[in-house]
Amino acid sequence: MPLDRIVLYIVGGLATLASLLYVIALLVGAITAGPWGFVVILPLGITAYIVYRIIMERLSSREDDYYDSIEK
């Protein structure tokens, strides 16, 4: 495996871990803020669901695979 791919996996893993820790800290802060914390959690959850659906739609769409039939 090339070195650049290993570095890419490490950087991607660290970025994923950092964003996960950020979201967890945001949720814990929102929950400890009392009833107003749920005002933050609801839009955050809706936004996360929409982003998830968009990403899944883009990954599963066969219309966007323009270059799959081209010989290499």
Side-chain angles (χ1 to χ4, degrees):
M1 181 180 297
L3 183 61
D4 59 342
R5 186 170 290 188
I6 292 172
V7 171
L8 180 64
Y9 287 152
I10 290 172
V11 169
L14 289 175
T16 303
L17 181 63
S19 63
L20 181 65
L21 288 175
Y22 177 75
V23 169
I24 289 172
L26 182 67
L27 289 175
V28 168
I31 290 171
T32 58
W36 290 105
F38 292 109
V39 175
V40 173
I41 292 174
L42 185 62
L44 182 67
I46 292 171
T47 304
Y49 175 72
I50 291 171
V51 168
Y52 172 76
R53 291 295 304 226
I54 290 172
I55 291 172
M56 289 297 111
E57 178 68 27
R58 295 289 295 153
L59 290 176
S60 65
S61 176
R62 291 289 164 196
E63 295 175 1
D64 297 329
D65 297 335
Y66 301 115
Y67 301 107
D68 284 350
S69 63
I70 296 176
E71 291 185 29
K72 296 178 182 175

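Computed over heavy atoms, backbone and side chain alike; hydrogens, waters and symmetry mates excluded.
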### Message
Which residues pass the side chain to side chain contact (heavy atoms under 4.5 Å, CB included) test with Val7, not counting sequence neighbours?
### Response
Leu3, Val11
#### Entry: Co-members of the apolar cluster containing Ile54 [side chain, <4.5 Å]
Leu42, Ile46, Ile50
#### Entry: ILVMFWY cluster membership beyond Leu14 - transitive side-chain contacts under 4.5 angstrom
Met1, Ile6, Tyr9, Ile10
### Task
Check which hydrophobic residues are tied to Leu21 through side-chain heavy-atom contacts below 4.5 Å, counting indirect links as well, and list them.
Leu17
#### Entry: Partner residues of Ile41 under the side chain to side chain contact (heavy atoms under 4.5 Å, CB included) criterion, sequence neighbours left out
Leu27, Ala30, Ile31, Phe38
### Message
If I compare all heavy atoms of Asp4 with all of Pro2, which pair ends up nearest, and what's the gap?
### Response
OD1-CB, 3.1 Å
### Summary
Besides Leu20, the hydrophobic cluster formed by Ile, Leu, Val, Met, Phe, Trp and Tyr side chains linked at under 4.5 Å, directly or via other members, contains Ile24, Val28
